[in-house]
Amino acid sequence: MNRVTTIFEGKSLVIERFDHPEHCFHRDPESEQTEQTVVTFVERGAFELMEGRRWWVFSPGDVLVSSPGLKRRYRHFQSCPEDVCVSISFAPEIVEEALGKLSGNTLPPKVPAGIASNFAFRWIIEALHSASRLEIESAAFHCATALGRHRWERAPRLSGVGAHARKIRTACMSMADRLEENHSLTSLAAEAGMSPFYFARVFSELVGEAPHRYLLRVRLRRAAELLRMGALVTEAALKSGFPDVNHFSRTFHRRFGVPPSRYTA
């Protein structure tokens, strides 16, 4: 028996906690088919999942990614399992806004526990505790990274970065809040009280991508959102931090596969 508790519900995403009632009797179904695009963090316990012909073992810290139409089988080893998971379900347009046009290749369902995935999980938990809708949606948007090819699978190269997690989260929020500003590595590092070189290394280690790539992704996501809301191309470009409309159009086309003028067609 599974128990599902909705923690946050927005227009384009839902965050839920999955666990099992105390003293329950649980029986895994023979197979299940995924219906949504979901990023799931394993908080406690363990389970196995079969996709295709391969079994995957999930433990605390691992991340399970799902897209619609996948056939899976889950396996627990206790009659009343102890696994606890936090899942973020995304509307299709949010995934496209966050990652652009994705290839049709199916990615492995497991992202192993690591520094970047732990940073993302801690960010979403702290955002939920803050009850700030902006903070929650920003953290969830970052978690969508696990659905793309630039996932959090790079081996750690720098020790002690966890101590700077709050500063890096603040930098991410600062970029998202002030997209129209001309952010630089020097200015972001100064706000964090770090040298530009060290800030760039710590940011890349925790977030999973360099500061300039993160900023570009946030700007393109905002531009896509504005275009969906009916904004003109020039307005979407300027409000998302692209002063050069031609550069914006080329960059947008590379990410989404269509020019911004045809994005909502």
Side-chain angles (χ1 to χ4, degrees), residues 8-15 35-39 65-69 87-107 116 120 123-124 127 132-152 169 171-183 188 203 207-265:
F8 174 84
E9 187 167 3
K11 177 181 165 184
S12 301
L13 63 94
V14 177
I15 304 176
E35 298 178 355
Q36 296 176 297
T37 302
V38 186
V39 174
V65 295
S66 306
S67 56
S87 290
I88 308 169
S89 303
F90 298 94
E93 65 269 17
I94 288 295
V95 179
E96 184 177 10
E97 287 172 7
L99 302 172
K101 185 176 179 62
L102 298 175
S103 69
N105 297 330
T106 302
L107 295 170
W123 187 1
I124 198 71
S132 163
R133 196 174 194 88
L134 176 61
E135 179 88 10
I136 293 169
E137 291 180 345
S138 295
F141 161 67
H142 174 61
C143 292
T145 309
L147 297 162
R149 59 190 180 92
H150 297 295
R151 310 204 298 178
W152 310 310
R169 283 197 296 267
C172 291
M173 289 295 296
S174 176
M175 285 187 266
D177 290 345
R178 295 150 35 204
L179 288 176
E180 297 172 57
E181 293 188 14
N182 185 22
H183 296 284
L188 291 168
F203 190 102
V207 179
E209 59 189 337
H212 71 281
R213 291 190 178 277
Y214 180 84
L215 178 58
L216 177 63
R217 189 160 58 86
V218 176
R219 282 177 166 160
L220 287 171
R221 179 211 174 199
R222 177 60 177 157
E225 183 181 31
L226 289 169
L227 291 168
R228 285 186 186 278
M229 294 168 60
L232 298 176
V233 172
T234 300
E235 179 188 3
L238 295 176
K239 286 188 175 181
S240 54
F242 292 93
D244 184 330
V245 178
N246 289 329
H247 170 67
F248 164 69
S249 296
R250 291 193 300 270
T251 305
F252 191 96
H253 196 170
R254 282 197 300 270
R255 178 62 61 92
F256 293 96
V258 294
S261 58
R262 291 176 47 202
Y263 181 63
T264 57

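Everything numeric here is computed off the predicted structure, so don't read it as measured data.
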Exercise. Within a strict 4.5 Å, meaning less than it, do heavy atoms of the Phe141 and Val218 side chains meet?
Worked result: yes
Problem set entry | With sequence neighbours excluded, residues passing side chain to side chain contact (heavy atoms under 4.5 Å, CB included) with Ser138 | Trp123, Leu134, Met173
Exercise. CD of Glu35: more than 12 outside heavy atoms within 6.0 angstrom?
Worked result: no
Exercise. Of all residues at least two apart in sequence or in a different chain, which pass the side-chain hydrogen bond (donor to acceptor under 3.5 Å, both in side chains) check with Ser87?
Worked result: Thr40
Exercise. Can you name the residues that form a side-chain hydrogen bond (donor to acceptor under 3.5 Å, both in side chains) with Arg219, not counting sequence neighbours?
Worked result: none
Exercise. In Å and rounded to the nearest 0.5 Å, what is the CD1 to OG distance from Ile15 to Ser89?
Worked result: 9.5 Å
Problem set entry | Any Leu215 side-chain heavy atom under 4.5 Å of Leu179 side chain | yes
For this session: With the side chain counted from C-beta on, respond yes when Pro259 and Ser249 share a heavy-atom pair under 4.5 Å apart, and no when they do not.
Result: no
Exercise. Does any non-hydrogen side-chain atom of Arg255 lie less than 4.5 Å from one of Arg217?
Worked result: yes
Problem set entry | Heavy-atom pair of closest approach, residues Thr37 and Pro68 | OG1-CD, 3.5 Å
Problem set entry | Separation of Phe8 CZ from Leu13 CG (nearest 0.5 Å) | 5.5 Å
Seminar exercise, completed: CZ of Arg213 to OG1 of Thr145, rounded to nearest 0.5 Å, is 13.0 Å
Problem set entry | Residue pair Phe256 / Ala224: nearest heavy atoms and the distance that separates them | CZ-CB, 3.9 Å
For this session: Would you give the length of the straight line joining atom CD1 of Ile124 to atom CD of Glu135, rounded to the nearest 0.5 angstrom?
Result: 9.0 Å
Seminar exercise, completed: side chain to side chain contact (heavy atoms under 4.5 Å, CB included) filter on Leu188, not counting sequence neighbours, yields Met175, His183, Phe199
Exercise. Among all residues two or more places apart in sequence or in another chain, which pass the side-chain hydrogen bond (donor to acceptor under 3.5 Å, both in side chains) test with Arg178?
Worked result: Ser174, Glu181, Glu191
Problem set entry | Sequence-distant partners of Arg169, side-chain hydrogen bond (donor to acceptor under 3.5 Å, both in side chains), two or more places apart | Glu126
For this session: Identify the heavy atoms of Leu107 and Gly148 that sit nearest to each other, and give their distance.
Result: CD1-O, 3.5 Å
For this session: Please report the shortest heavy-atom distance between Gly10 and Arg133, naming the atom on each side.
Result: CA-NH2, 3.4 Å
For this session: Please list all pairs passing the side chain to side chain donor-acceptor pair (under 3.5 Å) test where one or both residues lie in residues 227-246, with sequence neighbours left out.
Result: Glu96-Arg228, Glu97-Arg228, Arg228-Tyr263, Glu235-Lys239
Exercise. Any ring pair (Phe, Tyr, Trp, His ring centres under 6.0 Å) pairs touching residues 227-246, not counting sequence neighbours?
Worked result: Phe242-Phe248
For this session: Output all residues satisfying side chain to side chain contact (heavy atoms under 4.5 Å, CB included) with Glu180, sequence neighbours left out; order by chain, then residue number.
Result: none
Exercise. Any side-chain heavy-atom pair from Phe90 and Leu147 closer than 4.5 angstrom?
Worked result: yes
Problem set entry | Set of side chain to side chain contact (heavy atoms under 4.5 Å, CB included) partners for Pro92, sequence neighbours left out | none
Exercise. Could you give the distance from CG (Leu238) to CG (Leu232), rounded to the nearest 0.5 Å?
Worked result: 11.0 Å
Exercise. Looking only at heavy atoms, which two atoms of Cys143 and Val39 are closest? And how far apart?
Worked result: O-CG2, 3.7 Å
